[in-house]
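Take a look at the structure below.
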Number of protein chains: 2
Amino acid sequence: MRFETSTIKDIAKALGLSTSTVSRALRDRYEISEETKKLVLAYAEKVNYRANPIARSLKERRSYSIGIIVSEIANNFFSQVINGIESIAYDKDYHVIIAQSHESYKQEKLNVEHLASRSIDGLLIALSSETQDIDYLRQLYAKGLPIVFFDRVPGDFETHKVIANNFKGSFDATEHLILSGKRTIAHLTNSENLSITKERLAGYQAALAKYHIEFRPELVKYCQHGGMHSAELEQAVKELLPLKPDGIFIASDRLTTGCIMALKKTNPEVAHQIAIAGFTNSNLVELFSPSLTSVKQPAFEMGQVATELLISMIEAKRPVTEFETKVLDTELVRMAKR
Amino acid sequence: MRFETSTIKDIAKALGLSTSTVSRALRDRYEISEETKKLVLAYAEKVNYRANPIARSLKERRSYSIGIIVSEIANNFFSQVINGIESIAYDKDYHVIIAQSHESYKQEKLNVEHLASRSIDGLLIALSSETQDIDYLRQLYAKGLPIVFFDRVPGDFETHKVIANNFKGSFDATEHLILSGKRTIAHLTNSENLSITKERLAGYQAALAKYHIEFRPELVKYCQHGGMHSAELEQAVKELLPLKPDGIFIASDRLTTGCIMALKKTNPEVAHQIAIAGFTNSNLVELFSPSLTSVKQPAFEMGQVATELLISMIEAKRPVTEFETKVLDTELVRMAKR
DNA sequence: AACGTTTTTGGGAACGTTTGCACACTTTTT
DNA sequence: AAAAAGTGTGCAAACGTTCCCAAAAACGTT
């Protein structure tokens, strides 16, 4: 089963022109006379000519596509980021190829390499919670693949990055819990090697410090798999509850929903006693019970900004050497009344 | 900024062979001696040779990629379907390009045509709730683009289709409401022109009939935009409530969550009095309040089955003329106790 | 020793574009 | 009137593959 579509050659033959003339006419080059252009354009329209992007890619040595790696598209935060990415990419005539790491380093690497072999022109990536070794990315980068990190960014990699103001977001959420009278505030967070984990922890600590509440390390629980396994969360909850927290600040989308589920499942009676604040971009948060205060990241905008940066790298004539890290503000959405 | 990678030509030159020999050796053809194969393979490994998929696509006139159109990846149902699709596609060495219609006919058409011009080998599509005219799909299909529909399928299009057992799913959900004592059961559903709308309505009606409950058309509300606009839902809720329903059966994911939100927002006091049953694949359903009984579609499996069918079409030597419509069973997840 | 077979290799066209260069024809400048 | 400049077009190579066809090498048979 195969398409047959008309090519530049067909048009050239039909019109008694050369392929070069047709090609130039279609791309509206100045060398071609208005007359010829009109002729070609009209005929192309008539036969519904579509340039073959594959041939073009081969010739121009680029694919007009950018790769995206996120842990899960089912995660509202990431799907919003992707929407932001698409909004810019389609505008600039790129298309996007999305792949999921499912928080696995192996999957992430496999996907990136698959995309790279597919000749993507650039890569947008949020690291998986497992990822520690990013040498494979360095290699691709050294070979000339533009990369922009967002959300979960590595510290030691010189390129553009786009992140939320994790410190402030965490500070605000924690402060909110404190101001509503909580004093024993636990912190449930992602794997320690993620950038966001460190920043969010710092925000949490700063808020405690501001109100002279002692920081107790045992109130902080790290989840290696970012909440992909419910067992991990139930374990964390089990370890936390004996410390009698009256509030809990949770550092990521998946963990937030997962934690509430674990709480409801294992200790339904206390689920409603503990005040919860957490990062989440779920658009269903109004439906949750217990309800919670959420820190929303500007996901759509993050996708847009990252894509603009990436495309600027892709289209730069000379290698880019000045990099920026854009920091976008989060929004605190206070808990709905019960 | 450009990659430089080694090509078959480079290998041929380095080894003093011809490109044809190298090409054949790499693809492990029988004509090439073991010795040469080893030589080539070893060298290819050494220089980390990766075949250029673009060149291959151009030569073979196919791209090894399949297009996916869904209304929204943020919708859990669709993201699960996509996971199913990927699981099969990657296995068979295809990659996938995802595009979103956001329930808009215009977007859908634009995306499909964009994908088609990108030389996808086949298309997997769930129609947008706005879509009525699928001539553009017919044209592509006639030109040789294999298409498989899933979830929202058109009636009059001869190709493979994969759907859930919408009738039975709806019947079960409605019956569940009846068995828990409800008698005035409203039905909130999608745009009338969707296949799923008709099937789900029929299931609802059949359940009513079985228990000799009169079908009242005024209890059925159609949402043209599939719940993409909250105003639409609030309007529907507003019209429904005066009829004093004691139960409501909702026919799609987005509508289910949207309806509960509208209910909570406009009439919080009655939100908990009405029993709710609805289609949804949200994995957060346990957190919802009010809680609900949900009809879960076998989304992952649906993606897998659709992909297998599509790839079989793509790889068929002769045009396929025998088509099947696979129907997969849904699962009723009863409401958690309050 | 001459011939046929079989196995292994190479030459070169093709896929559909883009683009540097050359060419022919006009028009302007000197 | 010749030279220079400008305009519009075509030729052909290139991008990295695959594959048809032919050629060369190796072997066996008479």
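As a basis for the values below, the full set of heavy atoms in this structure was taken, side chains included, without hydrogen atoms, waters or symmetry mates.
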From [atom1] of [X] over to [atom2] of [N], roughly how many Å is that when rounded to an integer?
X	N	atom1	atom2	result
E34(B)	dT7(C)	CD	P	13 Å
N52(A)	dT17(C)	CG	P	5 Å
D28(A)	dG8(D)	CG	P	13 Å
I8(B)	dT17(D)	CD1	P	5 Å
L58(A)	dT18(D)	CG	C1'	13 Å
R56(A)	dT19(C)	CZ	C1'	14 Å
R61(A)	dT17(D)	CZ	C1'	14 Å
L26(A)	dG16(C)	CG	P	15 Å

All heavy atoms of V153(A) vs all of L127(A), minimum pair found to be C-CD1, 4.3 Å
Closest heavy-atom contact between I73(B) and S79(B)?
O-CB, 3.5 Å
Could you tell me whether the side chains of [X] and [Y] share a donor-acceptor contact shorter than 3.5 Å?
X	Y	result
N83(A)	Q100(B)	yes
E108(A)	T131(A)	yes
S87(A)	Q304(A)	yes
S18(A)	T21(A)	yes

Looking at [options], which one has an atom nearest to any side-chain atom of [X]?
X	options	value
E60(A)	dT18(C), dT17(D), dT17(C)	dT18(C)
T36(B)	dT9(D), dT8(C), dT18(D)	dT8(C)
A55(B)	dT18(C), dG16(D), dT9(D)	dG16(D)

Would you mind pulling out the nucleotide paired to dT18(D), Watson-Crick or G-U wobble, both distances under 3.5 Å?
dA13(C)
Reckon I54(B) touches a base, only the sugar-phosphate, or nothing at all at heavy-atom distances under 4.0 Å?
nothing
Is the distance from OP1 or OP2 of [N] to the nearest side-chain N or O of [X] less than 4.0 Å?
X	N	value
S23(B)	dT18(D)	yes
T19(B)	dT17(D)	no
K9(B)	dC15(D)	yes
Y49(A)	dT17(C)	yes
Y30(B)	dT6(C)	no
R29(B)	dT18(D)	no
R27(B)	dT18(D)	yes
S18(A)	dG10(D)	yes
R50(A)	dG16(C)	no

Checking R62(B) against Y64(B): charged group under 6.0 Å from the ring centre and within 45 degrees of the axis?
yes
Does K37(B) have any side-chain contact (heavy atoms from CB on, under 4.5 Å) partners at least two apart in sequence or in another chain, and if so, which?
A25(B), D28(B), I32(B), E34(B)
When K37(B) and K59(B) are each assigned the nearest nucleotide of DNA chain C, the 5'-most assignment goes to K37(B)
Please list, pair by pair, any protein nitrogen or oxygen found under 3.5 Å from a nitrogen or oxygen in nucleotides 20-24 of chain D.
unit_1  : atom_1 : unit_2 : atom_2 : d
dC20(D) : N4     : R24(B) : NH1    : 3.3

